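In this text the structure is predicted, and so the values were computed from the model without any measurement.
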Amino acid sequence: MSLRILFVTPYLPAPPDFGGASRMYHLIRETGRRHAVTTLSLIAPGDDPRVAEAALGRVVPVTVPLTARMAAAPAKRLVQIRSLVSPQSFQRRFYWYAAMQRVLDRLIASESFDVVQFEFSQMGAYRVPPGVPSILDIHNIEHDVLRRIAASGSPARRLFNQIEYRKYRREEIDAWRRMRGCVATSPGDAGIVSRATRRPVEVVPNGVDLDAFSRLPLDGADPGALVFVGAMRYRPNADAARYFVEEILPRLRVTIPGVELAIVGADPPPDVVALGEMPGVRVTGTVPDVRPWMRNAGVVVVPLLSGGGTRLKILEAFAMGRPVVSTSIGAAGIEARDGEHLLLADRPEAFARAVTRLATEPGLRERLVERAYALVRDRYQWSSAAERLETVYQAVRLEGAARGASSGLPGQ
């Protein structure tokens with residue numbers, strides 16, 4: 001049976017040029033193959049919703065001063081400063097707009113949506129009437145990301161994130177509990193949400209488009225060319241880039257003469273831009289397509305020290321036949337085993353050894369990419385993720401019908 005699904009997003013899902021946008025884009029597109037979908041999205045001045053409409057169908061835009069697609073700006077810094085003296089977190093103040101709530105209320109009142117799906121915990125601040133089945137797609141455990149990044153950086157940044165963590169943890173858990181159902185990208189995240197809500201939480205993993213990220217032969221890659229891919233406006237990615245250049249790259253220069261690193265991702269902050277002044281390091285900023293950079297890479301590195309969810313960058317590397325070295329945090333949530341699908345290393349010296357092995361042992365590279373490709377082919381395609389999401393739709397609608405029957409009201 002075809003359903004009417006309303007997706008509520010913090011920014012336009014198209015183009016799917018980084019992790020959060022890619023997950024929303026592919027889940028909406030796959031859901032739209034079987035159901036009628038509408039996307040209600042915050043947009044910034046200058047954004048063009050026609051790009052998303054062409055790919056995903058109906059889009060209802062709400063223009064606001066800033067969205068999470070935008071790099072740090074003075075206006076964003078002002079919101080952060082004001083949040084320090086507010087009982088509400090920066091996350092709440094940045095994502096919640098009365099205009100968005102009014103449009104959401106109007107859509108729900110005028111159209112019979114079977115399910116409303118909110119993307120990211122921050123959008124869980126918006127409310128729907130009690131009878132409307134609502135789902136929260138939890139891309140990351142956001143308060144845990146804040147807790148981790150509060151352990152590093154400048155004193156001012158650490159203090160801000162410690163305060164923000166305490167505020168947002170309460171708000172995020174409240175959003176989880178108000179939803180009819182929640183989905184997470186990994187078993188670990190699902191367990192955290194389930195313990196907080198005391199309800200089962202379905203895992204809807206991230207995926208990869210095997211047609212777009214098609215497999216390439218390894219002999220076309222330079223073993224000494226490394227790439228790290230990710231939106232650099234996301235602080236865990238920026239911190240990871242700096243960690244790799246400062247702690248790991250000097251060790252690699254001893255074992256791999258001429259090693260080069262490309263840091264590929266939108267909106268690098270000044271501390272990441274400065275890394276490009278070092279020999280053998282290139283910071284690209286926004287690129288129209290990350291695949292050419294992956295094509296040339298002998299090793300994809302994922303040196304993350306914080307963050308949540310599952311890493312699309314790893315799944316895309318697996319799909320393209322590129323070997324991966326990652327921290328344990330970087331590979332969290334993916335059913336990939338150390339030494340079978342990728343190499344894991346959590347200390348700078350161990351990370352450098354793992355990269356050196358991949359650069360110098362062609363047999364190891366071949367074994368890893370063969371098994372990694374089989375993993376994404378069998379378990380991490382977007383079509384299978386959307387099928388798991390559909391089981392959640394059916395469950396929340398059945399629960400709503402049962403509630404309506406027990407109260408004597410029509411089921412939702």
Does Glu53 come within less than 4.0 Å of Arg50, counting only side-chain N to carboxylate O?
-> no
Verify whether one side chain among Thr9 and Glu119 offers a donor that lies under 3.5 Å from an acceptor in the other.
-> no
Shortest non-hydrogen contact between Leu216 and Arg295, atoms and distance = CD1-CG, 3.5 Å
May I have the step-by-step check of salt bridge (charged side-chain N to carboxylate O under 4.0 Å, His left out) for Arg33 and Glu30, ending in yes or no?
-> CA-CA 5 Å; Arg33 297 185 193 280; Glu30 290 294 333; 3.2 Å; yes
Begin from the C-alpha positions of Arg34 and Glu390 and carry the test salt bridge (charged side-chain N to carboxylate O under 4.0 Å, His left out) through to its verdict.
-> CA-CA 10 Å; Arg34 294 178 293 279; Glu390 185 148 358; 3.0 Å; yes
Arg4/Glu111 salt bridge by N-O under 4.0 Å criterion = yes
Criterion side-chain hydrogen bond (donor to acceptor under 3.5 Å, both in side chains) on Thr327 and Asp346, from CA distance to verdict | CA-CA 5 Å; Thr327 57; Asp346 291 321; 4.6 Å; no
If you draw the axis of the six-membered ring of Phe318, does the NZ or CZ of Arg215 fall within 45° of it and under 6.0 Å from the ring centre?
-> no
Lys/Arg N to Asp/Glu carboxylate O, Arg102 vs Asp105, below 4.0 Å | no
Are Arg29 and Asp209 ion-paired here, with the side-chain N under 4.0 Å from a carboxylate O?
-> yes
Given the options Arg178, Arg177, Arg170, Asp174 meets salt bridge (Lys or Arg N to Asp or Glu O under 4.0 Å) only with Arg178
Arg235 bridged to Asp271 by N-O distance under 4.0 Å = yes
If we only count heavy atoms from C-beta on, is the Met100 to Val64 side-chain gap below 4.5 Å?
-> no
Please check if the distance between the ring centroids of Tyr168 and His143 is under 6.0 Å.
-> no
Could you give me the CA-CA distance, side-chain angles and deciding distance for Tyr11 and Phe18, then say whether ring-ring contact (aromatic ring centres under 6.0 Å, His included) is met?
-> CA-CA 12 Å; Tyr11 47 83; Phe18 62 99; 5.4 Å; yes
What are the two closest non-hydrogen atoms of Gly333 and Ser186, and how far apart are they?
-> CA-CB, 3.4 Å
Look only at the side chain of Glu164 and the backbone of Ser89, and say whether a donor-acceptor pair between them is shorter than 3.5 Å.
-> no
Derivation and outcome, side chain to side chain contact (heavy atoms under 4.5 Å, CB included), residues Gln117 and Leu136 | CA-CA 6 Å; Gln117 178 164 324; Leu136 183 59; over 6 Å; no
Closest non-hydrogen atom pair between Val245 and Pro250, with its separation | O-CD, 3.2 Å
Go through the steps to decide whether Leu6 and Leu104 satisfy the test side chain to side chain contact (heavy atoms under 4.5 Å, CB included), and finish with yes or no.
-> CA-CA 9 Å; Leu6 175 64; Leu104 175 61; 3.7 Å; yes
Flag the pair Asp239 and Arg242 as a salt bridge only when some basic side-chain nitrogen lies within less than 4.0 angstrom of an acidic carboxylate oxygen.
-> yes
